[in-house]
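Before any comments, here is the structure.
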2 protein chains.
Amino acid sequence: MHPDVSQKTVGRWSLYRRLLDALSRTEQRYILSSDLARRSGVTASQARRDLMHLEVAGGARGYEVQALLRAINAQLAPAEPQAVALIGVGNLGRALLSYFQGRRPTLQLVAAFDIDPHKIGRVIHGCRCYPLDELEAILEREAARIVILTLPGEAVATLGPRLIKAGIRAVLNFAPSHLDLPPSIHVEDVDITMSLEKAAFFAATQEQRS
Amino acid sequence: MHPDVSQKTVGRWSLYRRLLDALSRTEQRYILSSDLARRSGVTASQARRDLMHLEVAGGARGYEVQALLRAINAQLAPAEPQAVALIGVGNLGRALLSYFQGRRPTLQLVAAFDIDPHKIGRVIHGCRCYPLDELEAILEREAARIVILTLPGEAVATLGPRLIKAGIRAVLNFAPSHLDLPPSIHVEDVDITMSLEKAAFFAATQEQRS
DNA sequence: TCATGTGAAAGCCTTCACAGCG
DNA sequence: CGCTGTGAAGGCTTTCACATGA
């Protein structure tokens, strides 16, 4: 694999894949960087740079859709499916369980955790809910290396050390608190309140940037 | 207002505010940039740069919590409350309605929209649901300039022109499709699938970056 | 003395611009 | 001829490092 791929490029691969996936169900066999770019909201240069790392040669008709798709899948989807667990089965947690169930076969939601006794033992959107106490044991049993955090902000603070001990490799954190984890664990923060406040700020500002 | 504030700085103001808000309910009257930084997951230099734009003088004991809070609020929260509408009352839409209801008094969720007749007319998490047909009329009536999009990907494509006509100033887009809007409208994309796929990629990669 | 405020340097990401190839 | 692939330039963001002030 190419060693120096930036986080942003990886994110855009995911965008491109969505488009290519849709294209692959049509008659269109080739796509131009300019097309891919316009439909993804990036520039053509940037799309070409991102595709460069995939080492798929384009031609005068552009890139072959199937070839790109294969190359991006090879990067984003490892050979073995990855198990994912979700911690915090509130409104947002349930919405995400439903959203992700069966969406990407290589990412399987194998367990949910909560502290609410009413939720424990239930199967929610196809995913069994366990007590948070059993986190380490069940993550180990299911070989889950990725967790989604959808807890109230205060609750994540104590979770860091447990995630480290459980051998977690990546976290998708929806809680509005900073997780202090070693750099070997990838943390992807999704801060919805911040995003809305940014939107509100720029809505109220005359001079728009970007 | 300082003219050249970057989007990233605005986002971090929102982070800092959350922390300062919590601090303001404690005895602690001053905070050091290094403290603020550590607890927000940024460097001390960066925190100081971000605070620079607020023109709040710090001293040897650091910054006064209340002064910072006032300055950030002045930036992020305009004098008048801003009305927000949400389009697409599925699982994620409902979770966000519940999440945002009453959280920030200066951001008021005034209307939800859907095409499902079963949802129209109901009040969901304190927010009335209207038919999507009436979008323009109701956005105008409620003076909503910010919309949250939580629809299936395909459905947003046709929405662009309607949002422009309705005079929308900012969009928080959870749909995995590119919105083609003029640069005068701020678009904040929150792509949950992309975030999870990034997390999965870096979970599977040996060399972690960042 | 110790923390801020900030020029200057470094690093990262995007865009330009064009050689080269099908 | 038009599009890709990519060095080089440009722009943005972060970090360094230190003068300044309480």
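Quick note on labels: first sequence line is chain A, next is B, and so on, each numbered from 1. Owing to the predicted nature of the structure, the values given are computational and were not obtained by experimental measurement.
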Give me, pair by pair, the N or O atoms of the protein and of nucleotides 1-5 of chain C that are less than 3.5 Å apart, along with how far apart they are.
from  : atom 1 : to      : atom 2 : distance (Å)
C/dT4 : OP1    : B/Ser33 : N      : 2.6
C/dT4 : OP1    : B/Ser33 : OG     : 3.2
C/dT4 : OP2    : B/Ser33 : OG     : 2.6
C/dG5 : OP1    : B/Gly58 : N      : 2.7
C/dG5 : OP2    : B/Tyr63 : OH     : 2.4
C/dG5 : N7     : B/Arg48 : NE     : 2.9
C/dG5 : O6     : B/Arg48 : NH2    : 3.0

Under 3.5 Å, which protein N or O atoms sit close to an N or O of nucleotides 8-15 of chain C? Give each pair with its distance.
from   : atom 1 : to      : atom 2 : distance (Å)
C/dA8  : N6     : B/Arg49 : NH2    : 2.8
C/dT14 : OP1    : A/Arg12 : NH1    : 3.0
C/dT14 : OP1    : A/Gln46 : NE2    : 3.2
C/dT14 : OP2    : A/Arg12 : NH2    : 2.9
C/dT14 : OP2    : A/Gln46 : NE2    : 3.1
C/dT14 : O5'    : A/Gln46 : NE2    : 2.8
C/dT15 : OP2    : A/Thr43 : OG1    : 2.9
C/dT15 : O4     : A/Arg49 : NE     : 3.0
C/dT15 : O4     : A/Arg49 : NH2    : 3.3

TODO: Compare every heavy atom of A/Ile168 with every heavy atom of A/Ala144, then report the nearest pair and how far apart it is.
DONE: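 Smallest interatomic distance, heavy atoms only, reads O-CD1, 3.6 Å.
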Open item on the list: Once side-chain hydrogen bond (donor to acceptor under 3.5 Å, both in side chains) is applied, do any residues pair with B/Asp191, and if so which ones, sequence neighbours excluded?
Closed with: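 By the side-chain hydrogen bond (donor to acceptor under 3.5 Å, both in side chains) rule, B/Asp191 matches A/Arg18.
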Open item on the list: Distance alone, cut at 3.5 Å: any donor-acceptor contact between the side chains of B/Asn73 and B/Arg17?
Closed with: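 Result is yes, a qualifying pair exists.
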Task: Option from A/Ile148, A/Leu109, A/Asn91 for which side-chain contact (heavy atoms from CB on, under 4.5 Å) with A/Leu96 holds - done: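 Going through the options one by one, the only one that passes is A/Ile148.
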Within this structure, what is the [atom1]-to-[atom2] distance between [X] and [N], rounded to whole angstrom?
| X | N | atom1 | atom2 | result |
| --- | --- | --- | --- | --- |
| A/Leu54 | D/dT4 | CG | P | 14 Å |
| A/Arg38 | D/dC3 | CZ | P | 13 Å |
| A/Glu55 | D/dT6 | CD | C1' | 14 Å |
| A/Asp35 | D/dG2 | CG | C1' | 14 Å |

Task: Mutual orientation of the aromatic rings belonging to A/Phe202 and B/His186 [parallel < 30°, tilted 30-60°, perpendicular > 60°] - done: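 Geometry flag for B/His186 against A/Phe202: parallel rings.
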TODO: May I ask you to test the A/Pro176-A/Thr193 pair for a side-chain heavy-atom distance under 4.5 Å?
DONE: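 Counting from C-beta outward, A/Pro176 and A/Thr193 never come under 4.5 Å.
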Task: Basic-acidic side-chain contact under 4.0 Å: A/Arg104, B/Glu197 - done: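 Counted as a salt bridge, because a side-chain N and a carboxylate O are separated by less than 4.0 Å.
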- [ ] Rounded to the nearest 0.5 Å, what's the gap from CG on B/Leu19 to CG on B/Leu15? Could you check?
- [x]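 Taking CG in B/Leu19 and CG in B/Leu15, the distance rounds to 8.0 Å.
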